[in-house]
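It should be emphasised that the depicted structure is a prediction, and the values quoted were computed from it without experimental measurement.
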There are 2 protein chains.
Amino acid sequence: MNKPATTRDPEQTRLRIMEAATDLFVEQGFSSVTMSQLASAAGVTKSLIHHHFGSKERLWEAVKEHAFEQYFSAQMAMLEEAGEPDAGLLRASVEAYFHYLKANPKAVRLFAWTHLEGDTSCGDMDAQLMGAGAEWVRQAQQRGLLRADVNPTHIVATFVMTCTQWFEAKCHHQHWPGMGSDEAFLEDFLKIFMAGVAPRD
Amino acid sequence: MNKPATTRDPEQTRLRIMEAATDLFVEQGFSSVTMSQLASAAGVTKSLIHHHFGSKERLWEAVKEHAFEQYFSAQMAMLEEAGEPDAGLLRASVEAYFHYLKANPKAVRLFAWTHLEGDTSCGDMDAQLMGAGAEWVRQAQQRGLLRADVNPTHIVATFVMTCTQWFEAKCHHQHWPGMGSDEAFLEDFLKIFMAGVAPRD
DNA sequence: AAGCTTATTGACCGGTCGGCCAGTTAGCAT
DNA sequence: ATGCTAACTGGCCGACCGGTCAATAAGCTT
């Protein structure tokens, strides 16, 4: 049943290349990474990368696709386990999203690169996630748990974008005077956000 | 007094190179732009770019520095004309910042590139701006115009990051289902944000 | 008019880029 | 054992990279 200790293992090789490529692309972006870098980081020859992926561009696409799938399934799982709409659960969702990003800095940087590229290949998956999130908020609005005079999509977008930018621009604002830790910021943001989406008196 | 119509004008040349470089770097990032591209876009030879800027890296730094100075002085002017703390003025500041970013998409993309680079060269200017903004909020808190149980820096950061991400990731979320226009989003964000930072009952 | 400075050019450089290809070798089916 | 397929290698390629340099020419000073 268990794989024999063969000297060749194409799947394992593909995986090693993907992993090395993910690290390099996430760190430096697509164009400044070279095939030689990729090859030596993965411990294989350039030719072998071409054999498995065809070209540098297609390797980059494979890396992005894989990362998006990971992100998508993780978020979908979080959405499904969130259960019935409830004001407390919105808070929990924001916290969960924030901590997911904190635990997955590679995903954050990958998103940032794709934003700049104008890549829209993950559009379908993202639209699906956002649609589900907005629907969840809409139900909470109908039950009077959240204010109903704002677009549900905008509610989700607000917290998603704030969390995303917090980690994407970390290097930029981490030295701002008075800026707190991740947890301190999250706590303050939640105070503002939860009070902001609470039903109007 | 007026400049003669000379065939040579080094300052004008420098400017043309800077403008072409800004457009290309903003669009494609540093590493995927080539000197040949820059030269033909600016209508000069590669050698002339080296003559005026020394290297590709130093041209990139000049472009960033210039953009940061523009941004910094524009923001400082906005802060100074904001005047005395007031809840209505916070709303106006958010709107002004949002519309500044909307009117300066190049600056937005430049920030995004520098975030990914981990560039912190604009740290001092940014810290100064953020310090002034946070001080402004702190005074409003002391006067009871804003809730005082959140870090003033976090209040400023929240709206700055939301506005920034709205434009940085536009290509990403503009196709999300239910997402409104710039103005519709800004209006909803302001509803949430202003209610969120209002003094507690 | 002469001379100096410097903006500007075009030819050129070594190095490296992504990619290709012929050849080798490991695993597997028969 | 014998082929066959595909993983894998090393060497090579033309293109292009950022950068240099000697030569030219425009504008300024005197």
Short of 4.0 Å, heavy atom to strand atom, which residues of residues 42-60 of chain B count as contacting DNA chain C?
B:T45, B:S47, B:L48, B:H51, B:H52
Classify the ring geometry of A:F111 against A:Y71: parallel below 30°, tilted from 30° to 60°, perpendicular beyond 60°.
perpendicular
Would a 4.5 Å heavy-atom cut-off, applied to side chains only, mark B:Q139 and B:E135 as touching?
yes
Would you please indicate yes or no on a ring centroid separation below 6.0 angstrom for A:W113 and A:F25?
no
Do NZ/NE/NH1/NH2 and the carboxylate oxygens of B:K64 and B:E117 come within less than 4.0 Å?
yes
Salt-bridged, B:R143 to B:E84, with N to O below 4.0 Å?
yes
Proximity to DNA chain D (any heavy atom under 4.0 Å), residues of residues 13-35 of chain B only:
B:V33, B:T34, B:M35
Less than 6.0 angstrom from the centroid, inside 45 degrees of the normal: does B:K56 satisfy that with respect to the ring of B:F30?
yes
Electrostatic pair A:D149-A:R200, nearest N-O below 4.0 angstrom
no
Looking at A:R8 and C:dT25, is any side-chain donor or acceptor paired with a base atom of the opposite kind under 3.5 Å?
yes
Taking the six-membered ring for Trp, are A:F159 and A:F193 parallel (under 30°), tilted (30 to 60°) or perpendicular (over 60°)?
perpendicular
